[in-house]
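What follows is a short report on a single structure.
All values derive from a computational prediction rather than experimental measurement. We count ligands from 1, going down the list as the structure has it; atoms in each ligand are counted the same way.
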Amino acid sequence: MIGNKDLQDIVSMFSTESAATSVRPLGPGFINDTFIVGTESGRRYILQRKNHNVFPDIPGMMQNILSVTEHLKKKITEEGGDPMREAMTVVKRTDGGLYYKDMSGNYWAMTVFIEGSVTYESADTPELAFKGGKGIGKFQTMLADFTTPLNETIKGFHNIRWRFTQWDEALRRDAAGRVKNLSEEIGWIESRRKEMLDFWTLVENGAIPTRVTHNDTKISNILFDKNTNDVLCVIDLDTCMSSTSLNDFGDAIRSYTNTGKEDDTDLSRVSMSPDMFRAYTRGYLSQRKDSLTECEKEYLAFSARYITYEQVLRFLMDHIDGDTYYKTAYPEHNLVRTRAQYRLLQSMESQYGAMVDTVMECLR
Ligand code: GN1
Ligand code: MG
C-alpha cells in the first residue's frame, strides 16, 4: 500500500493551484485506484493510478482523454454551458506532461474534482434513468463531429470476435485449474456464441456504424448534479474510442435496469426492470432519435443483451484466468458476478419482445 507521504509527493508533480493538504481513496472502480486530493486553496482534485496491465498504452490513453475533453469543452462553451463542470479537466504535470510515471513504474494522472456532483451505484428511480439516458445521448451528440483519430486503449474492447479469441485461449490455458467445475457456466457462453457473432458481423460489414463512444457507461461513471440530478459530466474516459453507439446504450441498460447488484449473491433480486428500460430509452432517444440509422435503432434492444452477455463472458474468463483483470473482494467474486450477470441476461432474454416494443414506442 502506498503511503500518504508518497501520494503527496506524486501530487506535487502536477500543476495544482496550491499544495495538497489531504489525499484519500475514493470510489469502487474495478480497474484503477482513485484518490481525492484536498489543497490549501480549497480546490479539490482526482488523482488516479492508472492500471497499466489493463491499459498497455497509458500515454496514448491520456492523449485520447485530452483531445476528447478539449473537444467537449469547446462544444459546452458554444452552447453556453460551464466547461469546467460539464467536462473533465486534465491537470498536467508542472512540466506539461499528461501523466507521471513513478519509480515503481506506476502511472498517475490528475483531473479537477467537480464540486456539487454526486455519483450513484444504482438507479433508484425512472427519473434518474431518464436523465442518465439523456446525458449519454448528449455526450454522443457532442462527439459526433469529433474527427481526431483515437488510440485503441484496450484491443477489441467490445468486439466479441476478439473476446472469443481470448476466451478460447483462456479455456485452453485453464490457468487456475477451474475449468473442470464450470461446465454449466461455459455452456451459457457457448450456446449463444453464434448469435453474438452474427450480430457483430453487422458491425464488421459496416451495417452498424462505428462512432466515437464512451464504452463504459455504467451509472457510477456519470456525475449527476447534486441539486437537479441532471447529468453533469460523463467521467472515466479511459475507454473513449471508436466503437458503436449501441455499446454505450447496452452497457447503461445493463447497469441502470438491474433490480439487484452486479455481484448479487441472491439471484432472486436480479432482473431487468422494464420501467427503468423505458425511462433510460426515452431519455437516450430524446437526444439521438434523429441521428441513429435504421439499423442502429433496430438493434438497440439487442445491444443490452450483447453487452450483458459480453460481461458474463469477461467475468467468467477472469475467474478462469485466476482473477488477473478485475479487482475482487473474495476468491469466488468473479464467479458470483458471472452468475448475477447471467441472471440479468436471462431476464432480458425473456422480456426481449417487450423491450423491442418499448424502443419502437420511444421512437414514435
Ligand atoms: C470496469 O473501471 P470501471 O469500474 O468503471 C470495466 C468495465 C466493466 C465494469 C463492470 C476498463 O469498469 O468494462 O463493464 O468494470 N472497465 C474496464 O462493472 O475493463
Ligand atoms: Mg469507473
Side-chain angles (χ1 to χ4, degrees), residues 25-35 46-58 60-62 64-65 68 88 107 109 111 119-123 132 136 139 150-160 162-163 166-167 170 213-224 233-244 246-258 260-264 270 303-319 321 323-329 333-345 348:
L26 181 78
F30 288 11
I31 307 289
N32 299 317
D33 299 310
T34 305
F35 302 87
I46 293 292
L47 176 70
Q48 274 195 319
R49 175 163 49 190
K50 300 287 189 183
N51 184 327
H52 60 272
N53 294 322
V54 165
F55 297 105
D57 177 16
I58 307 264
M61 177 174 91
M62 290 308 299
N64 282 4
I65 296 177
V68 167
M88 285 172 66
Y107 289 82
T111 54
T119 55
Y120 298 100
E121 278 307 299
S122 63
I136 286 297
F139 180 81
L150 289 174
N151 301 298
E152 190 177 29
T153 57
I154 298 181
K155 181 177 157 65
F157 193 51
H158 289 314
N159 172 342
I160 207 68
W162 171 246
R163 292 293 181 188
Q166 294 179 316
W167 166 258
T213 55
H214 182 277
N215 294 301
D216 193 2
T217 48
K218 68 178 180 185
I219 190 167
S220 57
N221 284 334
I222 309 293
L223 299 184
F224 292 85
C233 179
V234 178
I235 57 170
D236 201 347
L237 302 178
D238 298 355
T239 51
C240 234
M241 54 185 156
S242 262
S243 182
T244 73
L246 296 180
N247 289 333
D248 281 358
F249 179 81
D251 197 45
I253 296 302
R254 179 182 75 77
S255 144
Y256 284 78
T257 69
N258 190 349
K261 291 195 300 215
E262 193 182 55
D263 58 353
D264 222 309
V270 177
S303 72
R305 285 169 57 185
Y306 177 80
I307 287 288
T308 307
Y309 171 87
E310 182 201 287
Q311 194 66 69
V312 177
L313 184 153
R314 290 173 64 200
F315 282 146
L316 184 54
M317 185 162 74
D318 198 31
H319 179 67
D321 279 340
D323 311 311
T324 59
Y325 186 92
Y326 291 109
K327 288 184 197 165
T328 49
H333 201 171
N334 274 317
L335 186 57
V336 167
R337 288 167 172 155
T338 301
R339 292 185 174 136
Q341 289 286 287
Y342 180 65
R343 174 55 69 92
L344 181 65
L345 174 63
M348 289 174 179

Any heavy atom of [X] closer to ligand 1 than 4.0 angstrom?
X: D238; answer: no
X: I154; answer: yes
X: R337; answer: no

Quick one: do D33 and K327 make a salt bridge, cutoff under 4.0 Å?
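The answer is yes: the pair qualifies as a salt bridge.
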
Under 4.0 Å from a heavy atom of [X]: which atoms of ligand 1 are those, numbered in the order shown and with their elements?
X: D236; answer: 2 (O), 3 (P), 5 (O)
X: N221; answer: 5 (O)
X: F55; answer: 11 (C)
X: E262; answer: 10 (C), 18 (O)

Donor-acceptor contact below 3.5 Å, side chain T153 vs main chain D238:
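Between the backbone of D238 and the side chain of T153 there is a qualifying donor-acceptor contact (under 3.5 Å).
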
Between the side chain of N215 and the main-chain N/O of T239, is any donor-acceptor distance below 3.5 Å?
yes

Check R254 against ligand 1 and report side chain, backbone, both or neither, counting heavy atoms closer than 4.0 Å.
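Only the side chain of R254 comes within reach of ligand 1.
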
Side-chain contact, heavy-atom cut-off 4.5 Å: F249 with I136?
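Of all side-chain heavy-atom pairs linking I136 with F249, none is under 4.5 Å.
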
Do I219 and F224 have side chains that get closer than 4.5 Å, going by heavy atoms?
yes

What distance do F30 atom CZ and H333 atom NE2 have between them, rounded to the nearest 0.5 Å?
6.5 Å

Counting both backbone and side chain atoms, is some N or O of [X] under 3.5 Å from an N or O of ligand 1?
X: N215; answer: no
X: F315; answer: no
X: Y325; answer: yes
X: D216; answer: yes

Test applied, side chain to side chain donor-acceptor pair (under 3.5 Å); reference residue, R254; option that passes from D251, N258, T257
D251

Partner of N334 under side chain to side chain donor-acceptor pair (under 3.5 Å), chosen from D263, D321, D318
D318

What pair of heavy atoms forms the shortest contact from A340 to E262, and how long is it?
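For A340 versus E262, the nearest heavy atoms are CB-O, 3.4 Å.
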
Checking heavy-atom distances from atom 8 (C) of ligand 1 to each of H158, K218, Q311, the winner is Q311

